[in-house]
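Just below is one structure, and these are the notes that go with it.
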Amino acid sequence: SGFRVVKRSSSGPAIGIISSEMPDVVILDVMMPDISGLEVLRFIRREPKLADIPVIVVSAKSMPSDIKTGLDAGASVYLTKPVGFLDLKEAVDKVMVGHKQMRG
């Protein structure tokens, strides 16, 4: 879809790459091997230079309380697995449009 994707499978390196690359969108899984994806999300929201980056959470945790926790932590969109390509692309397009409008 024309995006450059940078993939990291653990939270520590993900935080570093997010800070250095300043991506247009971050897609996070909640259950990661070292630090919870929600902790990464909370880190992003606390950092002034990162706080406005849209974050899509994709998780197998699908209880209403899980979704509420993700949205309360600052997720722009919370998708439950399994997620199809078109649903993910639609979520990315949605947050990108909103982010561009917010930036002016």
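Just so it is clear, the model here is predicted, and its values are computed rather than measured. Values below: all heavy atoms of this structure, side chains included; hydrogens, waters and symmetry mates excluded.
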Side chains of [X] and [Y]: closer than 4.5 Å at any heavy-atom pair?
{"X": "Leu38", "Y": "Val30", "result": "yes"}
{"X": "Leu50", "Y": "Ser19", "result": "yes"}
{"X": "Tyr78", "Y": "Lys61", "result": "yes"}
{"X": "Val77", "Y": "Leu79", "result": "yes"}
{"X": "Arg45", "Y": "Val55", "result": "yes"}
{"X": "Ile56", "Y": "Val95", "result": "yes"}
{"X": "Lys81", "Y": "Asp29", "result": "yes"}
{"X": "Val6", "Y": "Pro23", "result": "no"}

Identify the heavy atoms of Gly12 and Asp34 that sit nearest to each other, and give their distance. N-OD2, 3.3 Å
Are more than 12 heavy atoms, taken from residues, nucleotides or ligands other than Lys7, located less than 6.0 Å from that residue's NZ atom? no
If you count heavy atoms of other groups shown closer than 6.0 angstrom to CE of Met63, is the number above 12? no
Interatomic spacing from [atom1] in [X] to [atom2] in [Y] - rounded to 0.5 Å:
{"X": "Arg42", "Y": "Ile35", "atom1": "CZ", "atom2": "CD1", "result": "12.5 Å"}
{"X": "Leu88", "Y": "Ile27", "atom1": "CG", "atom2": "CD1", "result": "4.5 Å"}
{"X": "Leu41", "Y": "Leu71", "atom1": "CG", "atom2": "CG", "result": "9.5 Å"}
{"X": "Met32", "Y": "Ser9", "atom1": "CE", "atom2": "OG", "result": "7.5 Å"}
{"X": "Leu28", "Y": "Ser11", "atom1": "CG", "atom2": "OG", "result": "7.5 Å"}
{"X": "Met22", "Y": "Ile53", "atom1": "CE", "atom2": "CD1", "result": "4.5 Å"}

Could you list the residues that satisfy salt bridge (charged side-chain N to carboxylate O under 4.0 Å, His left out) with Glu90, not counting sequence neighbours? none
Okay, side chain of Asp24, backbone of Met96: is any donor-acceptor separation there less than 3.5 Å? no
